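Bear in mind that the values here come from a model prediction, so they are computed numbers and not experimental data.
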Amino acid sequence: MSEPILKIDNLRTSFRIKDDYYPAVDGVSLTVNKNELLAIVGESGCGKSALAFSIMNLHSRAKIEGNINFKGQNIVNLPTSKLNKLRGKDMGMIFQDPLTALNPLMIIGEQIGEILLIHGTNSAEKRKERVLELLNKVGIPRPEHVFNQFPHELSGGMRQRVVIAMAIANNPELLIADEPTTALDVTIQSQILDLIKELKEESGAGVILITHDLGVVAEMADRVAVMYAGQIVEIADVYTLFENPLHPYTRSLLNSVPTANEEQSTLHVIQGVVPALQNLPREGCRFGARIPWIADSAHEKNPQLHEVSPGHFVRCTCYKDFHFPDRDKEGNRHVVS
Amino acid sequence: MWKFSIRRIMIMIPQVILLSIIVFMLAKMMPGDALTGLIDPNVDPNTIAEKREELGLNDPWYEQYTRWVAGVFTGDLGQSFHFKMPVSELVWQRIVNSFWLSLLTLVLTYLIAIPLGITSGRYNDSWADRLITGYTYIGFAAPLFIFALVMLWIFGFHLGWFPTGGSVKPGLTPGTFEYVMSKLYHMLLPALSMALITTVSTVQYLRSEIIDTKQKDFILTARAKGASESRVYNRHILRNSLLPIAAFFGYEITGLIGGSIFIENIFGYPGMGQLFLNSILLRDYSVVTSLVLLFGILTILGTLLSDIILSLVDPRIRIK
Amino acid sequence: MSYLEVKDLKVHFPVKGGLFGRTLAHIKAVDGVNFSIEKGKTYGLVGESGSGKTTTGRAIIGLNKITSGQVFFEGQDITNLNKANKDIRRDIQMIFQDPYSSLNPKKRVIDIISEPLRNYEKLTKGEETKRVQELLELVGLNPESILKYPHEFSGGQRQRIGIARAIALKPKLIIADEPVSALDVSVQAQVLNFMKEIQKELGLTYLFISHDLGVIKHMCDQIGIMYKGRYVESGTKEDIFNHPQHIYTKRLVAAIPDMNPRNRQQHLQFRQEVKNEYEQAYNQYFDDEGLAFQLQPVSDTHLVALPEKG
């Protein structure tokens, strides 16, 4: 199982704001194994999409530093011509909004065909054959008909299937899905997720699933990385993460979901807001400001990831002292005096 | 698509009718009529009155209008009192000249606009882009007639590279190669002067279309597919940005009509624009009304063309 | 009679076309909807895009023209809310989905929140400022921030500004159209908690429109499920979540992700079963046009759209 296909080491992606560069992804290290679905979860502004885009170098203006090891080479700052041999072939990407992700003036067949053409399928008949095969595979009825249609003629779910067909066209080893179901209806969401999972099982590709939805994580992931303010704050296999979450951010997040299974009258609210990129604290625990009732001494000066059990890493030592404001450390409710 | 075009043409009909009524009423409101200037002032006023009655000039306006429209349909636009020939014949000669001048201007407009717009949009915020946008600002600010005069003075009088008037060198036989070349030579400076000014809006439009398209999500998709930069530009950005430009074509024609009035007068080019201004100065009303009607119809046709092109090129409108 | 009662509500939008732009057909966005809300309760209206849930909410408050049917509020006919008594109009307010686009970016907070006040009450400048500050405090924002612009606030704070505007006139009924869909989970929690708090404090009644069944389950007492402009099922939270009867409701419920990863295999299987049932039994639950049948009672509280027997 643990045959890594992607190894990210100390990745830092910075955006320019006025005259300075600010890292939106700040020292992220992780691996993705073959036939593994790694979910990266966090709220907007935590850097999860910036991380996904960095892997494929899709940022138009960003400074990317560190190592991304893919197929035996560091692909950070690889010349575009060399990177283009990997993009669309060995790594595929599924985008958030299938309507804007498709060229409105190109028929579906041409759009999927293009990715085959770029990577060497020169015969038009072979391309068409493969496109029809792909459309069939992603569950699109009447592929022959859809081949000649334009994106606006398809429903949202069908469009996302087209985007997926495109991403898997050349049997990539790595699939990156950036919030693939956020723009879709609930029933369509589960269909698309099931499809992604099925395709993963079939091809043995490694999948990075970017999402803000913990329910999706619970349904899909093998391993989960929780990001906050550009850093991974906790990483563990999915069962450990849901059964024994440690980092205060993970625990807060889990408690703020109005789960369909559990009755809570009040949801947990995380104090304060995610700071803007320019105002991110660069020292100390980045989440510290949002749990002010935890003593300063509980935090590390320079928080590191600690391996608390095999494969379960937590950043900073504050998790040891963390409790919700209305409960004590054992989870019992305070009696307000 | 067919439904759309037909509906669009149907809408045009009342527009044209309304236009013709307005043109006719305006002509009627102008002081004097066809007889005022034509006739020796010594003629007995009674005779003139009789003549008026005979020509139907005392009939109610709608009867006169109906006669006029019927005339227009049969190609009878009346008589030009100045040139002493039927207006239709007079206009026809000029239309041909104006047509070629406009065509050349259009070709030059796009020859300038497309490379400049692409460079400017693709490499936005570069030096080349700043130069090009600088040019477009000057183009927007400079009045066409002043710019044309400067061009005429520099290239026509001062350097003497181009003729300063007329549409062809006198004495050449129509149809010969020399005749065609001479026509082209005469058109070049006016067409270029006009193109250099009118092109700036297309340059700006194309530039902003490209910059806009560059930021679209499907461009990311194309990059994620591993498409080379040139492929991303040619297949996705350019194709999607040029379509609105194509649709702009009809409006371009509309703009040319206004421009040609200045240009033809400044360069002494015998086209419709020159005829129009001259006829106004000479109070040659029958010519003026005919030309206003013609210009109006051309403008309506231009917008019609734009709408139809747009519906043709954009599948989101086409398939419905 | 209930607090708010909607009777056979229909909202049809004309489809123009042909050579002369004649009305060729109608899109039946809302096609015969009946429901009623009890005072002080939260009624959830659920559906996917195109189900007509938003149109229903907008029609009640007069933002969409009602084709036919009636709306009663506190026993009074308010079908034509725009013409209705001003007092009733101020009793019903709306919270919109997107806190980014529903607040005018060029207006200051004080102008945004006092807009309804200016329409209905004649207050002096001083009184107005005081009211807005009170409202800001009530929604948990700094009363000092009355002169700020919307872009200076986070998403959750903006939604609170939207709520402050909605409660400025002390309404009795609030129609909340996907109020937390554009927000992150922790911010969403904040807004949901807050909506519950002010409901208790001000005795509000909510019509809560959402596609998110998790949120609906958390917030609502009574639920109606819409599909293509019609009701497929309605009942208490219990009825809908524990005993869904219509295959469409079952499908929606099955699509809610399970927060326990250990149940995943089982849940996937359940989803597949429901999907198969949906495909096989489609014709029994929908008519020839793919629309839902009339609601039939299956218990005192529970109504399901089933074909009439016999």
* In terms of heavy-atom proximity below 4.5 Å to chain B, should A/M166 be classed as side chain, backbone, both, or neither? -> side chain
* Asked: So does B/F140 have more than 12 non-hydrogen atoms from other groups sitting under 6.0 Å from CZ?
  -> yes
* Looking only at non-hydrogen atoms, find the nearest pair between A/L58 and B/L220 and report the distance. => O-CD2, 3.5 Å
* Structure fact -> If one checks every heavy atom of A/I107 against chain B at 4.5 Å, the contacting part turns out to be neither
* Non-hydrogen atoms of chain A under 4.5 Å away: do they reach the side chain of B/I219, the backbone, both or neither? -> neither
* Asked: Do any of residues 85-93 of chain A have a heavy atom less than 4.5 Å from a heavy atom of chain B, and if so, which, in residue order?
  -> A/R87, A/G88, A/M91, A/M93
* Which atoms form the tightest heavy-atom contact between A/N84 and B/S228, and what is the distance? -> ND2-CA, 3.5 Å
* Below 4.5 Å from any heavy atom of chain A, which atoms of B/R231 appear? Answer side chain, backbone, both or neither. => side chain
* Structure fact -> Note: vs chain B, highest number of non-hydrogen pairs under 4.5 angstrom among A/N170, A/T100, A/L102 is A/T100
* Asked: In terms of heavy-atom proximity below 4.5 Å to chain B, should A/Q96 be classed as side chain, backbone, both, or neither?
  -> neither
* Asked: Looking at side-chain heavy atoms only, is the closest gap between A/M56 and B/R223 below 4.5 Å?
  -> no
* Structure fact -> Of all heavy-atom pairs linking A/H119 and B/K225, the shortest is NE2-O, 2.7 Å
* To do: Return the option, out of B/R239, B/Q215, B/R235, with the maximum number of heavy-atom pairs under 4.5 Å with chain A.
  => B/R239
Side chains of residues 111-122 of chain B: which donor-acceptor partners sit under 3.5 Å, not counting sequence neighbours?
| residue | atom | partner | partner atom | Å |
| --- | --- | --- | --- | --- |
| B/T119 | OG1 | B/P115 | O | 2.5 |
| B/S120 | OG | B/D129 | OD1 | 2.4 |
| B/S120 | OG | B/R207 | NE | 3.1 |

* Quick one: side chain to side chain contact (heavy atoms under 4.5 Å, CB included) partners of A/P180, sequence neighbours excluded? -> A/I94, A/Q160, A/A177, A/I196, A/L209
* Over 12 foreign heavy atoms within 6.0 Å of CZ, B/F262 -> no
* When you measure from the side chain of B/T221 to the backbone N and O of A/A101, does any donor-acceptor pair fall under 3.5 Å? -> yes
* Taking side-chain hydrogen bond (donor to acceptor under 3.5 Å, both in side chains) as the test, write out the residues that go with B/K214, two or more places apart. => B/N124
* Structure fact -> So CZ of B/F218 and CG of A/D97: to nearest 0.5 Å the spacing works out to 13.0 Å
